[in-house]
Amino acid sequence: MRGLLPTTADVVIVGAGSAGCVIAERLSRDSARSVVLVERGPRVWPSAAVLELSHLPIEPGTDFAVDIEEMSGLGVVRGRGLGGSSVVNGGYFLRWHPDDFVGWPDDWTSDDIAAAYHELDGPHGTMGVSTFADDELADVVEHFETYWAKELPVRAPRDAWPIIGVNRVRSNRDGRLRRTAAEAYLRPVADRSNLSVVTDAEVAQLIVSGSRVDGVRIGDEALSTGEVVLSAGTLGTAAILLHSGLGALAGIRELPIHEHREILVHYRRRDVVAHRRTALLQSVVHTADDLEIRCYSDDMANYVNGIPRSGPAIGVAVMRPGSAGSIRIGPSGPIVDLGSMDPASAHKAECGVDAVATMLASSDFVDIVEPGSIAADPVVRTSQHAWGSMPMGKRTDSLGGVDGIAGLRIVDGSLLPTAGRSGPHATIMMVAVRIADELIQTRRHGP
Ligand SMILES: Cc1cc2nc3c(=O)[nH]c(=O)nc-3n(C[C@H](O)[C@H](O)[C@H](O)COP(=O)(O)OP(=O)(O)OC[C@H]3O[C@@H](n4cnc5c(N)ncnc54)[C@H](O)[C@@H]3O)c2cc1C
């Protein structure tokens with residue numbers, strides 16, 4: 001049940017996901033500011049069974065995820081509810097490489113970026129980040145690291161920044177449970193009287209007058225506000241913008257999205273015994289040609305209920321793609337087109353697949369891999385990472401304020417202006433922390 005929807009607020013934040021929870025906590029620190037956080041998903045705190053890192057709760061019918069149509073039939077899914085995609089994701093929480101920020105607006109200094117990451121992943125950081133320990137690893141991960149350590153450097157477990165080489169995954173967690181953005185930022189402030197969280201409420205569009213946004217529309221109801229912050233995720237925010245007919249986006253029927261496309265190299269295991277259940281992704285290699293080689297701990301079907309068995313796999317993801325996909329509005333909702341890989345990316349991916357096949361056929365994997373069972377999946381998959389439809393410095397200012405429109409800010413994956421060579425979760429939350437800090441400083445001291 002939705003609960004009472006206020007009619008006005010100083011700030012309305014749309015989406016209680018990875019970024020939205022951070023923004024809601026920060027902006028409601030000032031008790032004189034009324035903040036309403038609107039979320040389409042239910043008001044349910046996920047149980048321990050849902051948060052187990054050895055499970056991704058994205059099966060059809062779950063409370064915590066929605067499917068989004070993709071042109072070529074790829075399964076695109078996003079989290080919903082308190083914590084958004086942080087409730088359903090793999091729990092891999094790696095920073096981007098320091099030079100992934102080249103091309104960001106100048107006021108994003110390396111010190112600011114490091115400080116915002118540190119709030120999340122430093123010792124006693126909000127997201128409870130720690131590197132998987134040796135005795136937590138799946139057996140295949142141990143073999144994977146041994147193999148690559150012969151030719152590449154290995155990041156020291158305590159180092160926060162990834163390297164070109166072997167990166168043991170840092171994970172946001174409380175023991176074996178995924179630590180969500182809502183646990184870290186929303187639950188501790190649930191009793192703030194100036195912060196209302198309205199759930200089961202899907203924002204259909206913005207209320208626009210001229211070049212100003214005055215509020216949001218939820219079904220038949222209107223919520224007026226001085227500022228809307230869109231934190232509905234890259235796909236959700238794009239859908240709201242495209243539905244709203246904003247002057248600054250006039251004539252634009254679709255927005256670009258970028259994705260880390262991935263090819264899976266499957267193999268069969270020699271043994272058929274049940275293995276210890278671990279997190280899905282515990283170690284990755286970052287290559288000099290911008291690939292992320294992902295050592296999945298087991299068959300994806302052991303992590304997601306109801307999907308067909310396809311065997312364990314190693315993923316080869318292109319982290320700096322040369323082409324983009326798009327999102328547009330179809331008759332029954334948003335339609336995502338992830339497009340196809342550009343020739344240079346496809347070539348890199350092919351080389352990565354060959355390197356992985358060589359690894360799986362090597363003597364390091366002789367105890368694990370059944371001879372003759374190695375095969376690359378012909379489908380180029382999605383990493384569920386779409387970003388960059390409203391990049392800062394191009395379509396917004398450096399704090400997500402939308403160019404040419406008053407009263408509208410975006411703070412979520414849409415803002416990322418470059419491609420990172422790690423997954424986006426840590427970086428999207430880092431962006432939210434820094435923007436929120438700047439906004440409360442400005443309110444306190446003026447611009
Ligand atoms: C299955 C899966 C696995 C992943 N694994 C990893 C990983 O291991 N590591 C990593 O780095 N990244 C991973 N990602 C990506 C990462 O989780 C996301 O990029 C990140 O959480 C996005 O944060 P966000 O704030 O932009 O959006 P979200 O966290 O998706 O939040 C958007 C919120 O807005 C709400 N919303 C959307 N539209 C509306 C509307 N119209 N009205 C009201 N509310 C709305 C949604 O319900 C949601 O709660 C994964 C993603 C998925 C889906």
Side-chain angles (χ1 to χ4, degrees), residues 2 12-23 36-42 53 55-59 62-68 75-96 169-173 178 180-182 185-186 197-206 216-219 228-241 243-244 259-260 279-282 284 292 294 296 300 303-304 317 333-334 382-390 410-416 420 422-432:
R2 173 192 294 181
V12 171
I13 300 161
V14 182
S18 303
C21 289
V22 175
I23 294 287
V36 176
L37 175 60
V38 183
E39 166 56 44
R40 69 181 164 185
L53 279 166
H55 173 58
L56 266 59
I58 54 174
E59 61 274 3
T62 168
D63 273 348
F64 302 102
V66 287
D67 291 318
I68 296 167
V76 171
V77 67
R78 286 297 178 273
R80 66 170 188 167
L82 305 178
S85 296
S86 71
V87 176
V88 302
N89 74 15
Y92 149 131
F93 203 85
L94 279 180
R95 294 182 181 192
W96 282 11
V169 163
R170 285 159 64 76
S171 179
N172 47 301
R173 57 191 182 137
R178 207 179 274 109
T180 72
Y185 284 89
L186 217 47
V197 181
V198 181
T199 48
D200 297 291
E202 181 152 3
V203 169
Q205 57 185 183
L206 303 167
V216 297
R217 203 166 284 292
I218 301 163
V228 173
V229 180
L230 288 180
S231 297
T234 302
L235 305 181
T237 288
I240 295 168
L241 290 171
H243 264 306
S244 300
E259 180 53 282
H260 291 138
L280 176 62
L281 188 54
Q282 297 183 309
V284 295
E292 184 174 73
R294 303 170 175 165
Y296 292 115
M300 216 67 86
Y303 290 85
V304 181
T382 162
S383 303
Q384 313 289 3
H385 287 174
W387 75 89
S389 50
M390 292 290 289
I410 295 173
V411 186
D412 62 17
S414 322
L415 280 190
L416 302 180
S422 313
H425 193 211
T427 301
I428 290 170
M429 291 194 72
M430 178 280 286
V431 164

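For ligands, and for the atoms within them, numbers begin at 1 and follow the listed sequence.
Contact annotation for A204 and ligand 1: no heavy atom of the residue comes within less than 4.0 Å of the ligand. Under 4.0 angstrom from ligand 1, the non-hydrogen atoms of I428 all belong to its side chain. In A201, the part holding a heavy atom less than 4.0 Å from any atom of ligand 1 is the backbone. Only the side chain of I240 comes within 4.0 Å of ligand 1, judged by heavy-atom distances. At a heavy-atom cutoff of 4.0 Å, ligand 1 is contacted by no atom of L281, backbone or side chain.
Protein heavy atom nearest atom 1 (C) of ligand 1, with residue, atom name and distance: V88 O, 3.8 Å. Of the protein's heavy atoms, R40 NE, 3.3 Å lies nearest to atom 46 (C) of ligand 1. In this structure, the protein non-hydrogen atom closest to atom 31 (O) of ligand 1 is G17 CA, 3.2 Å.
At under 3.5 Å, a nitrogen or oxygen of G90, whether backbone or side chain, sits near a nitrogen or oxygen of ligand 1. Among the atoms of G41, none of the N or O lies under 3.5 angstrom from an N or O of ligand 1.
Evaluation of the side chain to side chain donor-acceptor pair (under 3.5 Å) rule for R95 yields D121 as partners, not counting sequence neighbours. For R78, there are no salt bridge (Lys or Arg N to Asp or Glu O under 4.0 Å) partners, not counting sequence neighbours.
The heavy atom nearest to atom 33 (C) of ligand 1, considering only G75, S231, G20, is found in S231. Residue G233 holds the heavy atom nearest to atom 27 (O) of ligand 1 of all those in G233, S85, S171. If you check each of H425, R78, M429, Q384 against atom 51 (C) of ligand 1, the one with the closest non-hydrogen atom is Q384.
With H385 as reference, H260 is the one residue of E259, H260, H425 to meet the side chain to side chain donor-acceptor pair (under 3.5 Å) rule.
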